[in-house]
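Written out below as structure tokens is the structure these notes cover.
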Amino acid sequence: MNALHQHMIDVYRAARHGEEPPPPPGRDDLAALRAARDHHLRRSRAGDRSTGCGQGGSPA
């Protein structure tokens with residue numbers, strides 16, 4: 001089953017329960033990529049070299 005099949009099942013279930021259908025797969029992909037890129041650019045311009053996983057920056 002791919003993402004489109006799962007989405008169709010989710011839409012069917014939402015309609016049966018009178019709920020709002022979920023967004024289609026991939027709708028927000030570009031926005032998420034832009035946000036990740038912008039976040040990376042802001043961190044690199046600020047000189048922050050931390051890995052983001054709590055392990056500090058690059059070894060000295």
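To the nearest 0.5 Å, atom CE of residue Met1 and atom NE2 of residue His7 are 13.5 Å apart.
Taking each heavy atom of Leu4 and Asn2 in turn, the nearest pair found is N-OD1, 3.0 Å.
Taking the side-chain contact (heavy atoms from CB on, under 4.5 Å) definition, one finds that Asp38 meets it with Arg42, sequence neighbours left out.
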Run the side-chain donor-acceptor check on residues 10-37: report pairs under 3.5 Å with partners two or more places apart or on a different chain.
residue	atom	partner	partner atom	Å
Asp10	OD1	Gln6	NE2	3.0
Tyr12	OH	Arg16	NH1	3.4
His17	ND1	Arg13	O	2.9

